[in-house]
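Only heavy atoms go into these numbers, but all of them, side chains included; no hydrogens, no water, no symmetry mates. Numbers here are sequence positions counted from 1.
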Amino acid sequence: MHDDLERRKSQHLDLVQRPEVEPEGTETLLSCVRLVHRATPELSLDDVDLTAQLCGKTLRAPVMIAGMTGGTERAAKINRDLAAIAQEAGVAFGVGSMRILLDQPELLGTFAVKPARPPLLVANLGAQQLVQRGTPAALRLLEMLSADVIAIHLNAAQELVQADGDRDFRGCLDAIAALVGEVGPQRVLVKETGCGIGPSVARGLAARGVLAVDVSGAGGTSWPRVEQLRAKDAQSRALGVLLSDWGIPTAACVAAVRAAVPQMRIVASGGLRSGLDASRALALGADIAGFALPLVRAHQQSGIDGARTALQEILAALRAALLLCGCRDLAALRASRPVVLEPLRAWIEGLAG
């Protein structure tokens with residue numbers, strides 16, 4: 001079982017380099033968000049303030065390098081390097097699923113990011129493992145990583161395509177509520193993995209004390225597609241094909257959750273590829289923009305320098321977008337009333353119904 005987990009994590013790193021993990025026809029719908037240009041911004045670029053808050057921590061920019069990997073020596077370097085550039089830029093950083101550490105704690109080095117210390121460091125555990133192992137498992141991972149927050153990830157679609165994946169998804173909400181009660185709401189982030197969190201789920205989480213979600217919508221990496229590509233049996237491959245474009249588009253998640261649960265802190269991830277994407281998500285109501293695949297790919301192609309350049313480009317484009325909208329800070333951007341085009345408008349109205 002343990003060898004299978006390590007092998008799967010290594011295969012994931014190879015497979016996410018392939019273009020087909022972003023299925024044609026799936027969209028974040030962020031292109032339906034049009035920011036309104038201000039020809040006289042009356043700002044200097046240096047005036048633009050990107051400061052943001054998440055889980056009680058202050059970030060220099062509203063960006064999270066979202067968790068993707070761990071558990072292998074190859075993953076160790078990715079985590080250390082991406083955490084280092086997160087610290088440099090003052091943005092949040094999360095590791096991939098730490099489930100393997102519950103049985104193989106000797107692999108902690110593949111997740112640990114010291115000497116880097118991003119302003120917000122996020123551990124990661126699957127909701128099914130939280131149900132099965134209980135709150136002590138989450139506490140153990142928080143302590144092992146010296147993390148500020150633990151992300152509890154939801155990945156039912158991915159699990160269903162795995163031949164040996166989970167099939168029982170009962171008890172997640174109660175387990176999350178118990179965790180929030182133990183560690184406090186500021187230390188829990190509930191995240192999807194590319195299929196999106198809609199308003200009804202967000203309401204259910206808020207009722208259990210959750211203050212922050214990463215909606216991780218459809219339009220980017222499809223984990224059912226990743227599992228389809230590594231599947232050995234025909235049934236798993238067929239299901240992976242059908243579920244490759246499953247989910248709620250990222251932009252629709254952000255707008256619908258913001259309307260349904262105004263107090264919720266929202267991380268928008270799932271298919272964000274640029275600072276302009278980030279600015280559109282933030283204008284819709286997100287607090288933080290999450291990036292994973294672009295930075296992992298940049299690292300795999302050009303090491304830490306490539307990842308650093310990719311992050312700098314994201315932040316530069318985000319800052320430029322705020323200036324061009326005449327917005328001094330993120331509050332002004334959210335108040336700028338972007339134009340929302342179809343089909344995103346229909347998605348938002350449908351989710352509100």
| message | Run Asp287 and Arg258 through salt bridge (charged side-chain N to carboxylate O under 4.0 Å, His left out) and show every step you take. | response | CA-CA 10 Å; Asp287 297 283; Arg258 173 56 66 220; 2.9 Å; yes

| request: To the nearest 0.5 angstrom, please state how far the CD atom of Gln129 sits from the CG atom of Leu141. | output: 10.0 Å

| query | Are the side chain of Arg345 and the backbone of Val340 linked by a donor-acceptor contact shorter than 3.5 Å? | reply | yes

| field | Residue Glu106 excluded, over 12 heavy atoms near CD under 6.0 Å | value | yes

| note | Value for CG (Leu318) from CG (Leu323), rounded to nearest 0.5 Å, stands at 11.5 Å

| Any side-chain donor paired with an acceptor under 3.5 Å for Ser97 and Asn124? | no

| Do His153 and Leu125 have side chains that get closer than 4.5 Å, going by heavy atoms? | no

| task | Determine whether Val149 and Val188 make a side-chain contact, defined as any pair of heavy atoms from C-beta on separated by less than 4.5 Å. | result | no

| request: Answer yes or no: are there more than 12 heavy-atom neighbours, outside Glu143 itself, under 6.0 Å from its atom CD? | output: no

| field | Check: Ile304 and Ile85 side chains under 4.5 Å, non-hydrogen atoms | value | yes

| field | Exceeds 12 heavy-atom contacts within 6.0 angstrom, atom CD of Glu88 | value | yes

| field | Test side-chain contact (heavy atoms from CB on, under 4.5 Å) applied to Arg225 and Leu229, step by step | value | CA-CA 6 Å; Arg225 170 61 61 85; Leu229 293 173; 4.1 Å; yes

| Flag for Thr58-Gln53: side-chain donor and acceptor within less than 3.5 Å | yes

| message | Evaluate Leu101 against Phe111 for side-chain contact (heavy atoms from CB on, under 4.5 Å), listing each step before the verdict. | response | CA-CA 9 Å; Leu101 293 186; Phe111 292 91; 3.7 Å; yes

| task | Ignoring hydrogens and angles, tell me if any N or O in the side chain of Ser236 forms a donor-acceptor pair with the backbone of Gln162 under 3.5 Å. | result | no

| request: Using modelled atom types only, decide if a donor and an acceptor are shared between the side chain of Arg140 and the backbone of Leu102 within a distance under 3.5 Å. | output: yes

| note | Separation between CH2 (Trp246) and CD (Gln158), nearest 0.5 Å, reads 16.0 Å

| query | Among the clusters formed by ILVMFWY side chains lying less than 4.5 Å apart, do Leu276 and Val267 turn up in the same one? | reply | no

| said: Taking the basic N atoms (NZ, or NE/NH1/NH2) and the acidic carboxylate oxygens, is any pair closer than 4.0 Å for Glu159 and Arg167? | reply: no

| field | Main-chain N/O of Leu30 paired with Thr28 side-chain donor or acceptor, under 3.5 Å | value | yes

| query | Distance-only, no hydrogens or angles: does the Arg208 side chain make a donor-acceptor pair with backbone N or O of Gly204 under 3.5 Å? | reply | yes

| said: Can a donor-acceptor pair be found, under 3.5 Å and without considering hydrogens, that links the side chain of Ser222 to the backbone of Ser244? | reply: yes

| Distance, nearest 0.5 Å, that separates CG of Leu333 from CG of Leu35 | 6.5 Å

| Side-chain donor or acceptor of Asn79 paired with backbone N/O of Thr110 under 3.5 Å | yes

| field | ILVMFWY network linking Ile348 to Val213, side-chain heavy atoms under 4.5 angstrom | value | yes

| Between the side chains of Asp305 and Ser302, is a donor N or O closer than 3.5 angstrom to an acceptor N or O? | no

| message | Quick test of your reading of the model: are Asp49 and Arg60 salt-bridged, counting only N-O distances below 4.0 Å? | response | no

| Backbone N or O of Cys195 within a donor-acceptor pair of the Glu192 side chain at under 3.5 Å? | yes

| task | Give, for atom CG of Leu295 and atom CZ of Arg308, the distance between the pair rounded to the nearest 0.5 Å. | result | 12.0 Å

| same_hphob_cluster(Leu205, Val254) at 4.5 Å side-chain heavy-atom cutoff | yes

| query | Under a 4.5 Å side-chain heavy-atom rule over Ile, Leu, Val, Met, Phe, Trp and Tyr, are Ile266 and Trp347 clustered together? | reply | yes

| request: Look only at the side chain of Ser216 and the backbone of Gly194, and say whether a donor-acceptor pair between them is shorter than 3.5 Å. | output: yes

| query | Should Leu29 and Pro343 count as side-chain neighbours, where that means a heavy-atom distance under 4.5 Å? | reply | yes

| query | Is it true that Arg319 and Asp46 make a salt bridge, defined as a side-chain N closer than 4.0 Å to a carboxylate O? | reply | no

| For Gly217 against Cys253, the heavy-atom pair lying closest together | CA-SG, 4.2 Å

| said: Going by side chain to side chain donor-acceptor pair (under 3.5 Å), name the residues that satisfy it together with Arg170, two or more places apart in sequence or in a different chain. | reply: Asp168

| Do side-chain atoms of Glu227 reach the backbone of Val161 as a donor and acceptor pair under 3.5 angstrom? | no

| task | Decide, yes or no, whether a salt bridge links Arg273 with Asp277 under the criterion of side-chain N to carboxylate O below 4.0 Å. | result | no

| field | From Leu82 atom CG to Lys77 atom NZ, the distance as rounded to the nearest 0.5 Å | value | 10.0 Å

